[in-house]
Structures are given as C-alpha cells and as structure tokens.
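Residue indices begin at 1 and follow the sequence shown.
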Amino acid sequence: MTAQEAYSWLLHHSKETAYLGSFGALAGWDQATYIPRKGHAHRAMMQATLARLLHQRSTDPRIGEMLARVEGSDLVHDPTSVEAVNVREWRRSYDLQTKIPERLAVELAQATSLGQATWEEARPKNDWASFKPILQKIFDLTREAADAIGYQQERYDALLDQYEPGATARQLEPIFRRLREATVDLLRRIEGSSRKPDPAILRRYYPRAAQEALGKEVIARIGFDLEAGRLDVTAHPFMQGIGPGDVRLTTRYDEHFFNPAFFGTIHEMGHGVYGQGLPSEHYGTPMGTEVSLGIHESQSRTWENLVGRSLGFWRYFFPRAQEHFEALREVRLEDFHFAVNAVQPSLIRIEADEVTYNLHIMIRFELELAILRGDLSLEDAPAAWNAKYREYLGIEPAEIKDGLMQDVHWSAGLIGYFPTYSLGNLYGAQFFQQAEKELGNLEEQFARGEFAPLLEWQRRNIHQQGSRYWPRDLVRQVTGEDLNPEHLIRYLNAKFGALYGV
C-alpha cells in the first residue's frame with residue numbers, strides 16, 4: 001500500500017467517525033433543550049453506546065498501521081500542508097485514545113450524561129448532597145483518565161492539553177498571575193472612583209419576545225447565517241456545531257435583566273461564526289476542525305465584549321433597541337453604554353463584567369489543580385470556593401447554586417477546561433489589536449454597522465486555518481509575537497480608565 005492509499009483510508013475513516021460524532025452532538029443538544037424529563041436515563045445509555053462505538057473506531061489498530069505508512073513520506077514533507085496537519089493530529093488523537101481503555105471511555109460518557117441531568121435537577125434546589133456523589137465519580141474517572149494518558153509535570157496537564165494543545169499549568173501560572181495583579185489593581189481604582197453607572201437601567205422590563213427579536217436581528221447583521229443555524233433556550237447557554245450548515249446556539253431569558261440573553265446570545269454567536277467559518281470541504285478532518293477551546297473563546301469574547309460592549313456598536317444598535325424596548329425610550333446612549341460596562345464584583349461567572357471575569361476563572365483553575373493534586377477533597381471544595389470568592393472578589397455566595405454548583409462544566413467532565421476562558425480573553429485582545437492595525441479604526445466601522453471587515457479578517461486568519469497551527473503558534477503567526485497579557489491589560493485599563501476616570 002502506498003502512502004497516498006494509506007492517507008485516503010485515514011481520510012475516509014476520519015470522516016465516517018465525524019458523522020457518527022454528529023449524532024452524539026445532536027443528541028447532546030436535544031438533551032439540553034427539548035428532551036422529555038423522563039428521557040435522561042435512556043439518553044445516557046444512547047450516549048454511552050455511541051461513545052463505545054466511537055472509541056472502537058478511534059482506537060482501531062489499522063489507524064496506527066496507516067499512519068506509519070504515511071509518516072515520513074513526501075506527502076507530509078511540508079508541515080503546514082493539509083495532509084501533514086491531518087496526519088499530525090490523527091497521530092495525536094490516536095495516541096491519546098489508545099491510552100484510555102474502552103471501559104473507562106464508556107464509564108465517563110455515562111457518568112457525565114447522568115451528571116449533567118443531575119446538576120440540572122439539583123442546582124435550583126441547592127441540593128449538594130444529591131449532586132456530590134456523581135461529581136465525585138466524574139473526578140475519580142477523570143483522574144484515572146489523566147493517569148492513563150500520562151504527563152510530564154502535572155496530572156492537570158494531561159487534561160488541559162486536550163482543550164488547549166501544548167498548554168501546561170506551568171506556562172499559565174505566570175501569565176495568570178500578571179493578569180490577576182493588574183486586574184486587582186484596576187478593580188481597586190474603579191471601586192474608589194466617584195463615577196458610577198446606573199445599573200437599574202438594565203433591570204427594567206424587557207419582554208422575552210422583544211429580546212429574542214433583537215438578538216436575532218443583531219447576530220444576523222453581524223454575519224451569523226440563521227439559515228445554517230438556529231437559536232433556542234436552555235438552562236446553560238452553549239453553541240453546538242452539528243456539521244456544515246447546522247450550527248446551533250442557545251440562550252436563556254430574564255425579562256427583568258437585559259444582559260444575560262443579549263450578551264449571552266452574542267457570545268454564543270461568536271462561537272457560531274467560528275463554526276460556520278470552518279472550511280466545509282475539510283469537514284471530518286483536523287483541517288476542518290477548530291484548533292482549541294481557547295481560540296474558540298477568543299472569538300466569542302471578542303464579539304461579546306470588544307465589539308458588543310463598545311460605544312461604536314451601540315451607536316448603531318441603540319436606536320433599534322429603543323424601538324424594541326419601551327424601557328429604553330428615554331435613556332441616553334452614554335448612560336446605557338456605561339451601564340452595560342458596569343464593574344461590580346458578582347457571584348455568577350457568565351454575568352461577570354470584563355474586569356472581574358478572569359478572577360472567576362482563576363478560582364476554578366486553582367480549585368481544579370488542588371483537587372487533582374490531592375490537596376483538596378470534594379467534601380471541602382464548597383468552603384474553599386467561598387473562601388476564594390471572599391479573597392479575590394470580596395463577596396461570598398449565600399447558596400451553593402450560586403457557588404460551586406453554578407457551572408455545568410464539571411458535571412460534563414470538562415475538567416482542565418476553565419483556563420481556556422481566560423486564554424480566550426488574552427488571545428482575543430491580541431488578535432483584535434492586530435486586526436485594527438490592518439483594518440483601521442474598528443469602532444468607527446461598528447458605528448456605521450460595518451461588521452463584515454472584522455468577521456472576514458477572523459475567517460481568513462483564524463477560522464479557515466482549522467487546526468493548521470497550535471494555539472500559541474497561531475498567535476505568533478497572526479500577530480508576530482507570543483501570547484502577551486499586556487494587550488488585554490492595556491485594553492482594560494484604557495476602556496475602564498476612561499469610563500470611570502481612573
């Protein structure tokens with residue numbers, strides 16, 4: 001068999017596996033949106049069965065044989081070619097999957113499916129006692145998976161690498177430390193400012209139907225194709241890519257708070273345009289796949305914050321918002337803009353402002369590290385959570401639903417995932433500054449309703465690249481320098497320094 005024949009086999013196998021994975025993605029989306037309450041146990045078995053089939057395909061010994069025929073051949077001579085990228089990532093995935101026993105893969109799939117259903121039921125009731133056993137099982141299985149995969153320095157690295165290729169805890173700690181120090185300094189100055197926004201503007205009556213109408217109008221104007229996607233309601237917002245032509249967004253509505261649905265929808269749209277911008281001709285292969293969750297998050301946070309909370313954005317959309325909502329008819333643009341950028345330490349991560357958001361991520365990152373290192377038991381985790389909120393943000397949750405149980409991620413087995421949120425902010429600020437160098441003043445373009453230049457820049461430089469470059473290599477390729485926290489720090493200081501006069 002020639003190298004080209006082996007590559008063709010790998011290509012066919014990869015695409016068939018991706019189609020099967022699409023069924024799992026669709027079932028997961030349905031479980032979070034429209035499944036009957038009594039259907040969760042059966043869905044868990046469906047997902048477990050599919051996980052077994054996918055694991056069998058991903059660990060098929062023929063993959064290793066075909067890779068051996070292709071690696072070292074002229075077909076992969078150029079490391080950035082489509083063939084070389086696919087082979088590199090197939091090898092990485094195969095080595096990872098073959099280290100995890102099928103029994104463990106199935107147990108994880110079943111535990112996380114049940115974990116999400118249990119979380120959804122237990123969180124509103126503050127029922128830690130019911131949730132803790134399944135969460136303990138998920139952490140135990142995840143620890144077993146990390147040991148099976150192997151690592152050089154930290155057990156955590158084996159997990160983090162699955163979401164952010166090449167990243168390690170040791171790399172992140174100094175970057176996060178610098179960002180934390182700068183964030184605390186800025187927060188203290190803001191808290192001492194005499195300038196204060198009026199957040200009550202956002203707590204008026206905003207009818208759900210009008211919120212949905214405005215949200216769809218905005219994401220369509222920005223460039224999300226609603227004929228290749230949809231917007232639905234869920235307990236915890238997310239984006240689910242099913243495949244080319246089918247990228248689904250979810251949000252949640254609060255008729256007495258403007259922010260969650262509007263900015264949550266734009267956030268998920270940022271993920272969605274990344275999914276819609278991937279090269280469809282490479283679907284089912286690494287070249288048609290997002291490179292990492294941190295890069296994914298850079299797209300969502302860019303549209304949510306750097307665009308969606310900018311004054312230029314609201315110069316264009318505020319008149320439309322006033323048409324949709326009677327509550328805004330007499331509100332000044334500047335007052336509304338200050339309100340949506342209000343800085344106030346809060347308990348809920350997904351509703352946190354730009355300044356304090358990363359502190360939420362650091363709390364989760366530090367707790368995950370401590371649990372996986374064996375320095376913290378799950379029994380003591382709620383108290384540790386509360387202590388860190390007091391230390392970093394000066395507040396403490398009164399109920400566990402607003403504390404350790406607020407996020408769905410651990411119940412979904414996404415341990416090692418949280419750092420990608422702060423990495424997304426860091427990448428996003430660095431990309432945005434580069435885009436502005438190349439495209440000119442972006443905020444002036446937003447004020448004219450011109451969002452296509454930025455979206456096209458993202459598609460050309462990021463979306464269409466698939467997994468050609470690992471995250472920090474992509475940052476260097478696009479911006480000419482390594483990941484640098486000073487870009488985000490300068491952006492935050494300039495924006496909020498002007499708003500608060502500090």
Is the side chain of [X] donor-acceptor paired with the backbone N or O of [Y] at a distance under 3.5 Å, no angle test?
X: Thr302; Y: Ser298; answer: yes
X: Gln464; Y: Gly277; answer: yes
X: Asp78; Y: Ala84; answer: no
X: Thr479; Y: Gln430; answer: no
X: Ser113; Y: Ala109; answer: no
X: Gln406; Y: Ile350; answer: no

Just grab all the salt bridge (charged side-chain N to carboxylate O under 4.0 Å, His left out) pairs involving [range], residues at least two apart or on different chains.
range: residues 20-37; value: Asp30-Arg43, Arg37-Glu121
range: residues 206-230; value: Glu212-Lys216, Glu217-Arg320, Arg230-Asp232
range: residues 420-442; value: none

[Y] and [X], any side-chain heavy atoms less than 4.5 Å apart:
X: His487; Y: Leu426; value: no
X: Leu214; Y: Phe325; value: yes
X: Ile219; Y: Ile222; value: no
X: Leu172; Y: Leu160; value: yes
X: Tyr94; Y: Trp90; value: no
X: Leu455; Y: Trp303; value: yes
X: Phe224; Y: Leu249; value: yes
X: Leu278; Y: Thr289; value: no

* With under 30° as parallel and over 60° as perpendicular, where do the rings of Tyr156 and Phe365 fit, or are they tilted in between? -> perpendicular
* Steps toward ring pair (Phe, Tyr, Trp, His ring centres under 6.0 Å) verdict (Phe451, Phe317) -> CA-CA 12 Å; Phe451 302 99; Phe317 278 117; 5.8 Å; yes
* Structure fact -> For residues 272-291, the ring-ring contact (aromatic ring centres under 6.0 Å, His included) pairs (sequence neighbours left out) are Tyr19-Tyr283, Tyr274-His296, Tyr274-His463
* Quick one: ring-ring contact (aromatic ring centres under 6.0 Å, His included) pairs with a partner in residues 43-84, sequence neighbours left out? -> none
Would you give me the side-chain donor-acceptor pairs under 3.5 Å for residues 413-422, sequence neighbours excluded?
residue	atom	partner	partner atom	Å
Thr420	OG1	Tyr417	O	2.6
Tyr421	OH	His409	NE2	2.5
Ser422	OG	Asn358	OD1	2.7

Is it true that [X] and [Y] have a side-chain N and a carboxylate O under 4.0 angstrom from each other?
X: Arg143; Y: Asp147; answer: no
X: Arg476; Y: Asp473; answer: yes
X: Arg178; Y: Glu173; answer: no
X: Asp246; Y: Arg248; answer: yes
X: Arg69; Y: Glu5; answer: no

I'd like to know whether [atom1] of [X] has more than 12 heavy-atom contacts from other residues, nucleotides or ligands below 6.0 angstrom.
X: Asp482; atom1: CG; value: yes
X: Phe318; atom1: CZ; value: yes
X: Glu281; atom1: CD; value: yes
X: Arg309; atom1: CZ; value: yes

If we ignore angles and hydrogens, is there a donor and acceptor under 3.5 Å between the side chains of [X] and [Y]?
X: Arg468; Y: Thr80; value: no
X: Tyr357; Y: Arg349; value: yes
X: Ser310; Y: Glu443; value: no
X: Trp9; Y: Gln4; value: no
X: Thr251; Y: Thr265; value: yes
X: Trp410; Y: Glu368; value: yes
X: Tyr206; Y: Asp254; value: no

* Structure fact -> Sorted by chain and residue number, the side-chain hydrogen bond (donor to acceptor under 3.5 Å, both in side chains) partners of Tyr469 (sequence neighbours excluded) come out as none
If you compare all heavy atoms of [X] against all heavy atoms of [Y], which two are closest, and at what distance to 0.1 Å?
X: Pro79; Y: Arg88; result: O-NH1, 4.4 Å
X: Asn341; Y: Glu354; result: OD1-OE2, 3.8 Å
X: Gly28; Y: Gln47; result: N-NE2, 3.7 Å
X: Leu108; Y: Ala145; result: CD1-CB, 4.2 Å
X: Asn461; Y: Val478; result: O-CG2, 3.8 Å
X: Gly223; Y: Gln276; result: O-OE1, 4.2 Å

* Verify salt bridge (Lys or Arg N to Asp or Glu O under 4.0 Å) between Glu456 and Arg460, making sure each step is shown before the conclusion. => CA-CA 6 Å; Glu456 289 169 1; Arg460 182 173 62 255; 5.8 Å; no
* Structure fact -> The single option from Phe313, Phe262, Trp314 that satisfies ring pair (Phe, Tyr, Trp, His ring centres under 6.0 Å) with Phe336 is Trp314
By salt bridge (charged side-chain N to carboxylate O under 4.0 Å, His left out), which residues pair with [X], not counting sequence neighbours?
X: Arg459; answer: none
X: Asp161; answer: Arg92
X: Arg52; answer: Glu102
X: Lys137; answer: none

* Determine, using ring centers only, whether Phe432 and Trp457 are less than 6.0 Å apart. => no
* side-chain contact (heavy atoms from CB on, under 4.5 Å) partners of Ala3, counting only residues at least two apart -> Ser73
* Asked: Given His271, which of Glu297, Arg301, Gln299 fulfils the side chain to side chain donor-acceptor pair (under 3.5 Å) condition?
  -> Glu297
